[in-house]
Amino acid sequence: KNEEALKNVKVVFVIGGPGSGKGTQCERIVNKYGFTHLSTGDLLRAEVASGSERGKELTAIMEKGELVPLDTVLLLLKESMLAKAADSKGFLIDGYPREMEQGTRFENEVTPCQFALYFDVSDETMTKRLLGRAETSGRVDDNEETIKKRLKTFHDITTPVVEYYEKEGKLKKVTAEQGPDEVFTQVEAIFDEMFK
Ligand code: B4P
């Protein structure tokens, strides 16, 4: 029954390295196009903040810049989608899929994505942004050492996901080096085209 409720929802995956601007752009997409934003990073941090036993394990993984186990992420994601499905016109799934199996499992068990939005940025720019955010974020993973590991995880494990959706003809790439306004102009062109 649960699966039924999610079968016809529209889903856009949002992929990009750490600090590529996913969260920032998703906020703007929600304001203009009315999608429901679900960030797997935010869901995991909420789980940590709840103080649960599972949360403690998650902190240790995130501090190392590694990926949280697939089943944990997928379960959190499905739960929040179900809670919001009734009044959602579509979901922006931010920070997911980060590994091949996350994509295939989701598309088999929930629904295929409309497309994957990819924010392409240099390591140098991502590092600069994250170090900037580190001054105020209080996040366990916004420090130089963890940022290096997050970038490595991205290149080793997430790049094949990007290549997969490109091959499928479902990748929409945005060059995200410039400021939020310039990046959003590219995002708008994609959403206007896809959902006109
Ligand atoms: P996330 O929360 O997804 O963190 P992130 O990749 O750093 O992206 P975030 O959204 O925070 O940053 P953004 O680019 O928007 O993941 C954290 C950790 O959670 C992962 O390392 C992993 O351990 C775990 N995790 C999450 N999802 C998982 C999954 N699916 N499977 C397994 N594990 C998972 O912004 C960064 C900064 O840049 C901000 O300060 C922003 O203001 C600034 N900025 C953005 N755009 C800009 C622009 N155009 N110009 C200048 N600054 C900009």
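Hydrogens, waters and symmetry mates are skipped; everything else that's a heavy atom, side chains included, is used.
- For the pair R129 (side chain) and S20 (backbone), a donor-acceptor distance under 3.5 Å is present.
- Following chains of ILVMFWY side-chain contacts shorter than 4.5 Å, one can reach Y165 starting from L77, so the two form part of one hydrophobic cluster.
- The CD atom of E188 sits 10.5 Å away from atom CD1 of I190, with the distance rounded to the nearest 0.5 Å.
- In terms of modelled atom types and a separation under 3.5 Å, the side chain of T72 and the main chain of V68 share no donor-acceptor contact.
- With hydrogens and angles left out, the side-chain atoms of H37 and D42 include no donor and acceptor closer than 3.5 Å.
- The structure places CZ of F115 at 16.0 Å from NZ of K173, a figure rounded to the nearest 0.5 Å.
- Within 6.0 Å of CD on E27 lie no more than 12 heavy atoms contributed by other residues, nucleotides or ligands.
- For the pair T125 (side chain) and E177 (backbone), a donor-acceptor distance under 3.5 Å is absent.
- With contacts defined as side-chain heavy-atom distances shorter than 4.5 Å, the pair Y33/D192 qualifies.
- For K7 and E4, the salt-bridge test passes: some basic side-chain N is under 4.0 Å from an acidic carboxylate O.
- The two atoms that bring V121 and A176 nearest to each other are CG2-CB, 3.6 Å, heavy atoms only.
- V162 and M126 fall into different hydrophobic clusters, defined by Ile, Leu, Val, Met, Phe, Trp and Tyr side-chain heavy atoms under 4.5 Å apart, directly or through other members.
- The only option from V12, V14, L117 that meets the side chain to side chain contact (heavy atoms under 4.5 Å, CB included) definition with I29 turns out to be L117.
- Without hydrogens or angle criteria, K172 side chain to A116 main chain gives no donor-acceptor distance under 3.5 Å.
- Judged purely by atom type and a 3.5 angstrom limit, Y96 uses its side chain to pair as donor or acceptor with the backbone of Q102.
- F35 has its ring centre less than 6.0 Å from the ring centre of F195.
- Between F106 and F13, the ring center distance clears the sub-6.0 Å criterion.
- The shortest heavy-atom contact between M100 and V161 is N-CG2, 3.5 Å.
- Between the CD1 atom in I157 and the CD atom in E66 there is a gap of 8.0 Å [rounded to 0.5 Å].
- Contact record, A134 with D142: CB-O, 3.1 Å, taken as the closest heavy-atom pair.
- Closest approach of A5 to L82, counting heavy atoms only: CB-CD2, 4.0 Å.
- Ion pair K148/E145 not flagged as a salt bridge, since none of the NZ, NE, NH1 or NH2 atoms sits closer than 4.0 Å to an Asp/Glu carboxylate oxygen.
- In this structure, T24 and P180 approach most closely via the heavy-atom pair CG2-CB, 4.3 Å.
- Between R105 and V110, the closest side-chain pair of non-hydrogen atoms is not below 4.5 Å.
- A distance-only check finds no donor-acceptor pair linking the side chain of S52 to the backbone of V48 [under 3.5 Å].
- A 4.5 Å side-chain heavy-atom check between T111 and V9 finds at least one atom pair inside the cut-off.
- When only modelled atom types and interatomic distance are considered, T175 and D120 share no side-chain donor-acceptor pair under 3.5 Å.
- Classification of D156 and K152 as a salt-bridged pair holds, one side-chain N sitting under 4.0 Å from a carboxylate O.
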(request) Report the C-alpha separation of V140 and T146 in whole Å, then their side-chain angles, then the decisive distance to 0.1 Å, and conclude whether the side-chain contact (heavy atoms from CB on, under 4.5 Å) test is met. (result) CA-CA 8 Å; V140 295; T146 308; over 6 Å; no
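- One distance of note links CG of L70 with CZ of R98; it measures 13.0 Å at 0.5 Å rounding.
- Looking only at side-chain heavy atoms (C-beta outward), C113 and I93 stay at 4.5 Å or farther from each other.
- More than 12 heavy atoms of other residues, nucleotides or ligands lie within 6.0 Å of CD in E107, so this atom counts as buried by the packing criterion.
- Heavy-atom neighbours of K149 NZ from other residues, nucleotides or ligands within 6.0 Å: above the threshold of 12.
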(message) Pair D141, K64 - check salt bridge (Lys or Arg N to Asp or Glu O under 4.0 Å), show working.
(response) CA-CA 8 Å; D141 57 352; K64 284 191 273 183; over 6 Å; no
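- Distance alone, capped at 3.5 Å, places no donor-acceptor pair between the K170 side chain and the Y164 backbone.
- Taking the six-membered ring for Trp and the full ring otherwise, F184 and F191 have centroids separated by 6.0 Å or more.
- P18 has its side chain out of reach of I147: every pair of non-hydrogen atoms, C-beta onward, lies at least 4.5 Å apart.
- When all heavy atoms are compared, the tightest approach of R54 to L75 is NH2-CD2, 3.6 Å.
- Contact check for T158 versus E99: no side-chain heavy atoms found under the 4.5 Å cut-off.
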(request) Could you give me the CA-CA distance, side-chain angles and deciding distance for L43 and E47, then say whether side-chain contact (heavy atoms from CB on, under 4.5 Å) is met? (result) CA-CA 6 Å; L43 293 175; E47 183 71 27; over 6 Å; no
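- Judged by distance alone, the side chain of T36 and the main-chain N or O of S88 form no donor-acceptor pair under 3.5 Å.
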(request) Please step through side-chain contact (heavy atoms from CB on, under 4.5 Å) for the pair I15 and F119, ending with a clear verdict. (result) CA-CA 6 Å; I15 311 176; F119 293 105; over 6 Å; no
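- Taking 4.5 Å as the limit, some side-chain heavy atom of K84 sits within range of a side-chain heavy atom of L38.
- Clustering ILVMFWY residues whenever any of their side-chain heavy atoms sit less than 4.5 angstrom apart, transitively, puts L131 in a cluster other than the one holding F154.
- Using a cutoff of 4.0 Å between basic side-chain nitrogens and carboxylate oxygens, D123 and R150 are not scored as salt-bridged.
- In this structure a side-chain-to-backbone donor-acceptor pair under 3.5 Å is missing from K89 to G34.
- R139 is listed as a side-chain neighbour of R45, based on a closest heavy-atom distance under 4.5 Å.
- Around NZ of K10, the count of heavy atoms belonging to other residues, nucleotides or ligands within 6.0 Å does not exceed 12.
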